Amino acid sequence: MESQNFNLKKLLPEEVAVVMVPLPLQGHLNQLLHFAHLIPSYGLPVHYIGSAIHNRQAKLRLHGWNSQSSAKIHFHDLPLPSYIYPLPNPDNSVHFPAQLQPVFNASVHLRQPVFQLVQQLSTKFRRVVVIHDCLMNSVVQDVKDMPNAETYIFMTTSAFTTFSYIWEGVEPKPFPLDDSDALNLIPTNDGCYTPEVLEFGNNQKKLMGFESGWLYNTSKVIDGKYIQLLEKLSANDKIKHYAVGPLNPVETKNTSEGHRHKCLEWLDKQEKGSVIFVSFGSTTSMKDEQITELAMGLERSAQKFIWVVRRADIGDVFTGSSEVKTPELPEGFEERVKNRGMVVREWAPQLEILQHSSVGGFMSHCGWNSCIESISMGVVIAAWPMHSEQPRNAVMITDELRIGILLRDWVHRDEVVSSGTIENVVTRLMASDEGEGIRKRAAEVGDAVRASVAKGGVSRLEMNSFISHITR
Ligand SMILES: O=c1ccn([C@@H]2O[C@H](COP(=O)(O)OP(=O)(O)O[C@H]3O[C@H](CO)[C@@H](O)[C@H](O)[C@H]3O)[C@@H](O)[C@H]2O)c(=O)[nH]1
């Protein structure tokens with residue numbers, strides 16, 4: 001995304017420093033990295049905070065997208081205490097991977113170093129703009145007392161889902177909602193979080209209020225109504241809202257760093273729209289029993305598929321380490337499906353897969369990155385939410401945007417999803433008139449969303465007005 005003409009007011013871009021404070025977790029880090037990548041084209045220097053290992057990997061990824069930007073992003077290796085990268089616990093009755101807790105604990109240690117960095121920058125720049133993850137409010141607390149610094153919260157999920165959380169906490173309700181609204185279908189938080197994570201999230205919420213604005217990795221094309229509702233809710237707070245997404249790079253040619261993954265070569269040989277991509281993000285895993293049902297469901301559906309089978313996210317692009325346990329697939333499965341299915345056991349090039357013309361559907365846990373990536377590529381979703389805000393994102397996909405089918409109802413989250421259900425949903429999505437209708441809608445939504453980040457599009461204009469605001 002290149003900058004468009006916009007009126008510079010008082011400050012020159014180089015007089016404003018932007019500091020990015022991500023939560024050190026794959027699904028969050030990458031969004032702020034994508035955002036960081038856009039800022040240098042407006043002339044503002046960016047200071048990006050991470051651990052040495054995260055920053056090294058981030059530099060590699062940036063290099064693949066746009067070397068000009070990467071040269072203008074200053075990476076600060078802050079002393080993040082080492083923590084064990086989260087391993088989801090498949091037998092945990094609460095669906096949130098309990099081992100994410102160390103990431104939250106570790107992030108708390110960033111408060112002092114972040115303060116020192118901002119303080120130092122504030123003596124050199126006329127304004128310091130701190131953009132931080134929505135779960136890092138506690139880390140930037142000290143910034144509120146600095147006269148030439150301001151903070152912006154970066155929401156790592158949709159405006160629909162953000163609004164749903166904020167609305168729950170508002171009493172009395174300041175205005176009525178439409179009865180037919182998809183928001184009414186949102187399930188409760190039961191089973192979404194461990195008590196510790198819920199408490200961490202609630203504490204972060206309590207520390208909001210001194211920020212100057214909220215940024216969203218979404219587009220008004222799909223989330224405009226909820227951005228408006230959020231604006232209505234915060235009308236007295238002078239908080240500004242900017243929907244600048246989707247931030248995932250739509251041009252993905254260089255992201256796989258040199259070599260093309262074998263699954264892309266395989267996709268080249270398949271028919272247009274014939275393959276369903278099955279992958280559940282970076283923080284989920286399944287019981288062996290569930291893996292067996294999924295394998296049988298895919299086999300019985302007779303559809304083509306790519307299935308990413310990983311136990312956990314330690315084999316991710318940031319840490320580069322390998323995984324602990326390889327899940328067992330039913331005996332003979334890979335041999336039986338070898339002509340129409342491919343199992344990937346390592347980190348898959350998801351964006352490139354979703355962008356491939358042979359991919360016609362995505363079975364997803366509805367992490368927001370996966371949703372927005374799929375939406376921008378016009379790919380329909382079989383929604384299988386697992387934890388956190390995913391059940392809400394699933395409602396957005398299936399009932400608000402109507403570009404997917406719900407595969408597992410949150411009410412039945414403790415039950416193993418049968419191969420019959422999986423077969424049924426995959427077939428409906430990939431090979432029925434119903435699926436065709438959903439696919440048509442998803443293609444239209446995808447076109448509109450991509451146009452929103454192109455020159456003159458609504459997200460590009462939001463980005464321009466954000467830059468204009470912070471250089472006022
Ligand atoms: O083999 C893989 C697996 C994942 N990804 C990428 O990793 C990201 C995964 O993000 P997401 O789909 O959001 O899933 P999680 O990693 O589970 O994300 C966490 O963070 C999200 C953003 O806050 C939340 O929406 C989720 O609920 C939370 O689990 C996406 O960009 C994928 O493209 C790959 O490229 N290859």
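Indexing begins at 1, ligand by ligand and atom by atom, following the structure's order. The structure presented is a predicted model; accordingly, all values stated were derived computationally and were not measured.
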Which heavy atom of [X] sits nearest a heavy atom of [Y], and at what distance?
| X | Y | value |
| --- | --- | --- |
| Ile381 | Cys371 | CD1-CA, 4.3 Å |
| Gln204 | Asn137 | O-ND2, 2.7 Å |
| Gln31 | Leu247 | O-CD1, 4.0 Å |

Report yes or no: do Glu293 and Ser419 form a side-chain donor-acceptor pair below 3.5 Å?
yes
On the 0 to 90° scale, with breaks at 30° and 60°, tag the Phe160-Tyr226 ring pair as parallel, tilted or perpendicular.
perpendicular
Return a yes/no value for Ser370: is any of its N or O atoms, backbone included, closer than 3.5 angstrom to an N or O of ligand 1?
yes
Judging by distance only, is a nitrogen or oxygen of Ser388 under 3.5 angstrom from one on ligand 1?
no
Under 4.0 Å to a heavy atom of [X] - the qualifying atoms of ligand 1, by number:
| X | value |
| --- | --- |
| Gln350 | 4 (C), 5 (N), 32 (C), 33 (O), 34 (C), 35 (O) |
| Ala348 | 1 (O), 2 (C), 34 (C), 35 (O), 36 (N) |
| Gln31 | 22 (C) |

4.0 Å heavy-atom contact, Met386 with ligand 1
no
For Asn30, state whether at least one heavy atom is located under 4.0 Å from any atom of ligand 1.
yes
Who gets closest to atom 33 (O) of ligand 1 by heavy atom: Gln390, Glu352, Glu373?
Glu373
Heavy atoms only: which of Glu389, His387, His365 is nearest to atom 14 (O) of ligand 1?
His365
Trp384: ring-ring contact (aromatic ring centres under 6.0 Å, His included) partners, not counting sequence neighbours:
Phe280
The ring-ring contact (aromatic ring centres under 6.0 Å, His included) partners of Phe163 (sequence neighbours excluded) come to Trp167
